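Following this message is one structure expressed as structure tokens.
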Amino acid sequence: MDTVPDLPSRDWPRMQPGWVWLCGAGPGDPGLLTLHALNALRQADVVVYDALVEPAILDWAPQAEHVYAGKRGGKPSAVQRDISLRLVELARAGKRVLRLKGGDPFVFGRGGEEAQTLVQHDVPIRIIPGISAGIGGLAYAGIPVTHRDVNQSVTFVTGHDQSGMTPQTLDWGAISRGSQVIVIYMGMKHIAQIASDLLAAGRAASEPVAVVTQATTDGQRVLETTLAACADDIAAAGLEPPAIICVGRATLMRQALDWQAQARGEAPRDTDPLDRGRAAESA
Ligand code: SAH
């Protein structure tokens with residue numbers, strides 16, 4: 001292939017046989033792919049993709065073999081090792097290998113482990129970051145992960161570790177005190193435990209929480225709840241993973257910034273949900 005069609009003119013990197021490009025596919029909406037990802041999709045011989053990669057994205061690599069390497073929810077690491085070694089084999093067979101992962105490959109995606117295995121086997125790699133669900137997924141729900149009036153830091157945590165349990169290494173007290181906004185990946189299974197840990201660590205029962213499932217896809221759903229009620233509300237709403245759970249007052253901004261509702265013709269519920277304007281007027 002001499003040129004990569006339909007991309008802005010530029011010296012796009014060429015995939016070489018025997019290389020593995022480890023690439024983020026973003027949270028779902030194919031429009032959130034990077035141009036580097038699209039460039040890779042056009043050139044790959046094989047695309048090895050995860051459960052969280054939106055199927056429509058694979059349509060952009062019609063020339064490639066599509067290999068599913070799905071793995072959901074804290075399965076044994078042997079499976080992970082198999083995937084990494086499969087990538088090594090494909091590269092050694094002289095393929096141009098695109099390893100496509102949901103969101104960003106280096107955010108709770110084990111991309112680091114796969115990259116390390118490749119490096120240990122002398123397979124050359126390129127890393128293409130993607131939009132992570134904990135940022136882009138929340139943006140599609142009208143929630144800014146940082147908002148000057150709310151938070152000067154944000155903490156991304158995983159709700160379970162390799163054993164499938166809530167990570168023992170997480171210090172909820174420290175996270176609670178140190179971060180006004182907490183973004184939880186893979187938190188659905190243990191949300192009752194996580195919420196009670198946060199409450200025990202001093203977060204308010206009334207603290208706003210948003211749960212965004214299948215963010216950025218046509219199936220996106222958003223639940224607005226509180227820390228005390230979130231576990232029951234998630235169950236009552238029948239919400240299923242994948243979900244991003246955001247704890248903190250930044251979630252209130254959705255009342256103003258739910259741009260998808262506004263695109264459907266709905267008015268913003270409150271253009272000043274943090275009451276800053278009113279507070280300033282009365283000062
Ligand atoms: N590397 C990915 C995260 C992989 S871990 C990233 O950067 O986004 C898998 C978890 O990511 C899911 O359990 C869920 O918490 C979150 N996630 C990924 N895609 C999502 C989506 N479209 N909507 C909601 N959550 C998503």
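Remember, it's 1-based here, ligands and their atoms both numbered in the order they're listed. These numbers come from the heavy atoms of this one structure, side chains and all, not from hydrogens, waters or symmetry mates. Note that the structure is predicted; figures quoted are calculated from it, not measured.
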Please could you name the atoms of ligand 1 that Pro27 approaches to less than 4.0 Å, counting only its heavy atoms? 21 (C), 22 (N)
Show the atoms of ligand 1 that are less than 4.0 angstrom away from any heavy atom in Tyr185. 3 (C), 6 (C), 8 (O), 11 (O), 15 (O), 16 (C)
Please determine whether any non-hydrogen atom of Gly28 lies less than 4.0 Å from an atom of ligand 1. no
Measure from the side-chain N and O atoms of Ser153 to the backbone N and O of Gly178, and report whether any donor-acceptor pair falls under 3.5 Å.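 Here the side-chain-to-backbone pair exists.
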With a heavy-atom distance limit of 4.0 Å, tell me whether Thr216 approaches ligand 1 through its side chain, its backbone, both, or neither.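 Under 4.0 Å from ligand 1, Thr216 contributes no heavy atoms.
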Could you check whether any side-chain N or O of Arg221 sits under 3.5 Å from a backbone N or O of Ala237, counting only pairs where one atom can act as donor and the other as acceptor? yes
Are side-chain N/O atoms of Asp258 and Gln262 paired as donor and acceptor at under 3.5 Å? no
Answer yes or no: are there more than 12 heavy-atom neighbours, outside Arg86 itself, under 6.0 Å from its atom CZ?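 Count not over threshold, so no.
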Below 3.5 angstrom, do we get any N/O pair linking Asp104 and ligand 1? yes
Show which atoms of ligand 1 fall inside a sub-4.0 Å distance from at least one heavy-atom site of Leu52. 9 (C), 18 (C)
Throw together a table of side-chain donor-acceptor distances under 3.5 angstrom for residues 15-34, partners on residues two or more places apart or in other chains.
| unit_1 | atom_1 | unit_2 | atom_2 | d |
| --- | --- | --- | --- | --- |
| Asp29 | OD1 | Gly31 | N | 2.8 |
| Asp29 | OD2 | Tyr140 | OH | 2.7 |
| Thr34 | OG1 | Ala37 | N | 3.0 |

Heavy-atom contacts under 4.0 Å between Ala243 and ligand 1: side chain, backbone, both, or neither? backbone
Would you say Gln214 touches ligand 1, if touching means a heavy atom closer than 4.0 Å?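 Under 4.0 Å: yes for Gln214.
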Could you establish whether Ile244 and ligand 1 come within less than 4.0 Å of each other, counting only heavy atoms on the residue side?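 True for this residue.
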Quick check on contacts: which atoms of ligand 1 are under 4.0 angstrom from a heavy atom of Val212?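 Reading through ligand 1 atom by atom, the close ones are 24 (C).
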Please check whether Pro105 reaches ligand 1 - meaning an N/O of the residue sits under 3.5 Å from an N/O of the ligand, judged on distance alone.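 No, there is no polar N/O contact under 3.5 Å.
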N/O of Ala133 under 3.5 Å from N/O of ligand 1, yes or no? yes
Output, in order, the C-alpha distance, side-chain angles, deciding distance and verdict of side chain to side chain donor-acceptor pair (under 3.5 Å) for Gln80 and Glu114. CA-CA 8 Å; Gln80 180 61 53; Glu114 291 181 19; 2.9 Å; yes
Should one rank Gly102, Gly24, Gly109 by closest heavy-atom distance to atom 2 (C) of ligand 1, which comes out on top? Gly102
Distance-only, no hydrogens or angles: does the Arg254 side chain make a donor-acceptor pair with backbone N or O of Ala141 under 3.5 Å? yes
Which of these passes side-chain hydrogen bond (donor to acceptor under 3.5 Å, both in side chains) with Gln180: Gln152, His147, Arg249, Arg203?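 For Gln180, the side-chain hydrogen bond (donor to acceptor under 3.5 Å, both in side chains) test succeeds with only one of Gln152, His147, Arg249, Arg203, which is Gln152.
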Using only atom types and a distance under 3.5 Å, with no angle test, would you say the side chain of Ser179 pairs donor to acceptor with the backbone of Thr155?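 Checking the backbone N and O of Thr155 against the side chain of Ser179, a donor-acceptor pair under 3.5 Å is found.
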